[in-house]
Amino acid sequence: MIAEVIVDISTAEIDKVFDYAVPEDMQVSVGDRVFVGFGRQNIEGIVVGLKEHSDVQKLRPIERRADEFTAVIPEMVCLMDYLAKRWFLRKADALRLFVPAQMRGGKVRELERLAAAINPDIPIDQMLSSIRANAVAQRGLIAHLSTCSWEWCSALTQQFGAGAIKALQDKGYILVAPKKVGRKPYGDLVGNAPKVALTSEQQAAVDVVGQNPSGKFLIHGVTGSGKTEVYMTCIERCVKQGKGAIMLVPEISLTPQTMQRFRGRFGAGVALLHSGLSAGERFDEWLRILRGEARIVVGARSAIFAPIQNVGMVIIDEEHDGSYVSESNPRYETIDIAEFRAKYNGAALILGSATPSLESYQKAQNGEYTLIKMSKRVADRVMPSMQIVDMCDELRRGNKSILSGALLAGLKETLERGQQAMVFLNRRGYSSFMICRECGNVIKCKSCDVSLTWHREENLLKCHYCRNQYHVPTACPKCGSASIRYGRDGTEKVVADLQAHFPTARLLRMDNDTTRGKTGHLSILTAFGNGEADILVGTQMIAKGHDFSNVTFVGILDADMSLYIGDYHSVERTFQLVTQVAGRAGRDKLPGRVVLQSYSPKHYVFYFASQYDYEGFYKKEINTREVTGFPPFTKIVRILVLSDTEDEAFRYVKKTLAAVKEVANRYPNEVSRVQGMRAPISRMENKYRFQVIMRLERAHENEITAMMYQAAVDSLAGCNVRMFFEQNPQNIT
Ligand code: ADP
Ligand code: ZN
Ligand code: ZN
């Protein structure tokens with residue numbers, strides 16, 4: 001037997017299948033991780049095929065298998081091929097997505113500890129009669145174990161002493177063996193999720209999904225319409241039919257409530273997968289899924305690769321969320337992978353959002369997805385009213401602070417009523433940059449071409465791209481002037497200002513700085529949920545999915561910040577953000593109110609958002625995209641080239657540009673606007689960044705995309721560069 005193996009080395013040259021002989025006495029299946037000799041190394045690889053004959057003359061044998069189980073299920077081997085074709089991933093990189101990172105190199109394995117149990121072959125009476133009456137510990141241990149199955153030796157030693165265990169083991173009365181310890185993430189997070197009677201809209205949604213087990217659905221449900229309950233009911237039915245389900249939530253570590261609700265409803269049948277887990281926890285959860293012990297997976301983006309077999313349903317909650325697009329290597333879109341898995345398994349695909357992406361909503365309009373509308377909040381709760389404040393007006397009236405009069409009045413009222421508020425600003429730190437008043441020099445990171453942010457608590461300047469930290473200079477590094485001014489305000493400054501206005505209010509801040517560590521988010525959210533604070537100030541972290549019953553007021557500062565980032569997504573992104581943040585208010589019996597501050601209050605995005613008019617917004621925005629020729633009507637491709645020196649990067653990007661243009665010239669009706677230039681952030685982490693951008697006229701064109709990819713790869717062969725090939729990138733930075 002010959003095994004086709006992909007070795008765990010990610011380079012373009014080695015990205016192919018190698019044949020190895022399977023020794024006579026070895027059982028190998030497709031998907032097994034194995035050790036093979038490669039050159040002079042002994043490395044890990046994954047078997048992706050088995051065959052009888054090979055064209056290679058002298059085959060090396062597989063050394064040994066790496067695990068007792070088959071790590072990659074057959075579906076994933078097909079997915080690997082798909083990822084290579086559609087997203088130009090190297091096969092080795094694709095395979096790395098399918099197994100926990102620390103399993104490679106054997107850095108994580110199942111945790112085992114010694115446990116003891118009674119020997120079932122010997123009657124208890126017989127044991128007891130043969131033990132001396134004064135051997136109290138031994139008698140106690142037998143009595144104890146006779147009432148239970150395996151118990152950890154560590155606990156038994158504490159209670160009965162090591163001597164008793166040893167003595168009984170020698171007599172053969174008890175069995176001692178290593179047993180696996182399952183590490184359970186957030187073990188103490190067992191919420192209860194009592195079953196509720198579905199609203200008519202929820203029931204209708206469940207029914208529509210039930211009618212087509214392999215259908216594709218888009219649930220457009222306003223915030224607080226009870227989408228999670230719909231997902232859980234659908235999953236319940238799916239599991240009853242013996243099938244598995246995958247449910248994705250953006251940044252699930254931010255939404256412990258979702259974890260609680262699923263644990264409460266499905267108990268041990270749920271596995272949680274997300275970046276907040278330790279390596280051991282992640283591995284154990286993954287193994288429970290692989291072994292079929294957990295049939296429901298709830299997790300962030302990477303959970304789409306969970307090794308669950310016979311999938312009956314894939315759900316993507318908040319499907320518009322940017323976190324579903326992998327922007328770092330390897331690059332892929334989660335919805336696309338979900339479509340693959342649903343198709344492979346004949347499963348249902350359910351996307352849900354209060355603010356669907358234009359692309360998904362267009363697919364619903366075209367009939368590719370079945371549109372399900374949930375237009376009302378549960379229990380007749382109303383959407384919060386939204387007031388738009390013109391910050392230029394405030395300035396004219398002499399208010400130079402970041403907080404408007406209306407916002408302060410709203411907060412005051414909320415605090416007086418003993419209710420809670422959330423204040424949103426998508427900028428952490430105290431001040432977004434430092435600028436010299438003499439020469440206009442903005443203080444920048446030494447490794448990246450971006451301005452630094454002042455963090456007051458630590459009194460440091462931080463780069464938000466490479467995480468470098470710097471001491472605060474007392475003089476301008478360029479001209480030596482001591483007159484340095486701080487730029488726009490961040491969350492830290494907002495907290496300080498609010499505290500000055502409301503000295504007795506209890507404030508909490510939630511952003512990247514305050515949420516370090518696995519339970520950082522959890523403790524802030526729990527404290528706020530328990531009413532230990534009156535106002536929660538935060539970045540987009542507070543926008544997502546939270547359900548606090550006492551929050552009646554939401555403030556949105558600098559709402560237009562995301563509007564002018566020079567990206568075709570920016571208006572859509574702003575609409576989503578505003579709607580989601582506003583949706584945190586008035587989710588229970590108390591009605592909610594929102595104050596939105598903007599320097600461009602007349603912009604249509606705020607009008608539609610304040611009316612909760614998604615349809616109106618969609619029509620306007622999709623029309624703009626069509627007229628201007630942006631996705632989803634076309635496909636934008638960016639090829640990013642990084643190198644150590646500016647000269648090199650510039651030389652290489654010219655080669656790529658020439659190669660790409662040659663392809664473009666052959667397809668003048670398909671490709672347009674091919675341009676080479678510096679990337680907007682021209683240097684990051686000491687790498688110089690150049691880019692080639694182009695537009696493909698047909699959005700779903702893959703053949704020409706593949707040619708462009710190949711042209712770029714070939715143009716850079718042997719060059720000292722890194723190249724990233726992006727299709728419809730979320731951010732062009
Ligand atoms: P969405 O995800 O659509 O924003 P959620 O699923 O978080 O909304 O539900 C909002 C709130 O309504 C939650 O507190 C949830 O427990 C509650 N809820 C959901 N469905 C019902 C129902 N049928 N009856 C009563 N309360 C419900
Ligand atoms: Zn930096
Ligand atoms: Zn200066």
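When a residue number appears, it is its place in the shown sequence, counting from 1. Note that ligands are numbered from 1 as they come in the structure, with each ligand's atoms numbered from 1 the same way.
- Taking 4.5 Å as the limit, some side-chain heavy atom of Thr223 sits within range of a side-chain heavy atom of Arg377.
- Checked against the 6.0 Å centroid threshold, Phe528 and Phe548 count as a close aromatic pair.
- Side-chain contact between Tyr618 and Phe608 is absent, with no heavy atoms from C-beta onward closer than 4.5 Å.
- For ligand 1, the atoms lying closer than 4.0 Å to a non-hydrogen atom of Leu198 are 23 (N).
- Arg265 is listed as a side-chain neighbour of Glu229, based on a closest heavy-atom distance under 4.5 Å.
- A donor-acceptor pair shorter than 3.5 Å can be found between the side chains of Ser447 and Asn468.
- Here's the thing with Gly226: one of its N/O atoms is less than 3.5 angstrom from an N/O atom of ligand 1.
- Within the structure, the closest approach of Gly224 to ligand 1 falls below 4.0 Å when heavy atoms are considered.
- Nearest residue to atom 12 (O) of ligand 1 from Val378, Asp317, Thr223, Val222 is Val378 (criterion: closest heavy atom).
- Listed by chain and number, Cys445 SG, Cys448 SG, Cys463 SG, Cys466 SG are the protein N/O/S atoms closer than 2.8 Å to the Zn ion (ligand 2), with waters left out.
- Tested against Val297 for a side chain to side chain contact (heavy atoms under 4.5 Å, CB included), the candidates Ile308, Val311, Val270 yield a single pass: Ile308.
- Of the options His220, Lys227, His320, Gln576, a side-chain hydrogen bond (donor to acceptor under 3.5 Å, both in side chains) to Ser353 is made by His320 and by none of the others.
- Both the backbone and the side chain of Thr228 come within 4.0 Å of ligand 1, judged by heavy-atom distances.
- With a 4.0 Å heavy-atom cut-off, ligand 1 is reached by the backbone of Ala197 but not by any atom from C-beta on.
- A 6.0 Å sphere centred on OH of Tyr607 holds no more than 12 heavy atoms belonging to other residues, nucleotides or ligands.
- By the 4.0 Å heavy-atom criterion, Gly221 is excluded from the residues contacting ligand 1.
- Within the 4.0 Å heavy-atom criterion, the part of Gln202 lying near ligand 1 is the side chain and not the backbone.
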*Please step through salt bridge (charged side-chain N to carboxylate O under 4.0 Å, His left out) for the pair Lys216 and Glu339, ending with a clear verdict.*
CA-CA 9 Å; Lys216 296 188 204 174; Glu339 297 226 9; 2.9 Å; yes
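- Residue contact check: Thr199 has heavy atoms under 4.0 Å from atoms 23 (N) of ligand 1.
- By the criterion of a heavy-atom distance under 4.0 Å, neither the backbone nor the side chain of Met374 is placed next to ligand 1.
- Judged by distance alone, the side chains of Tyr361 and Glu615 do bring a donor and an acceptor atom under 3.5 Å apart.
- Checking Asp207 against Gln211 by side-chain atom types alone, no donor-acceptor pair falls below 3.5 Å.
- Relative to atom 15 (C) of ligand 1, the option among Glu229, Arg261, Arg381 with the closest non-hydrogen atom is Arg261.
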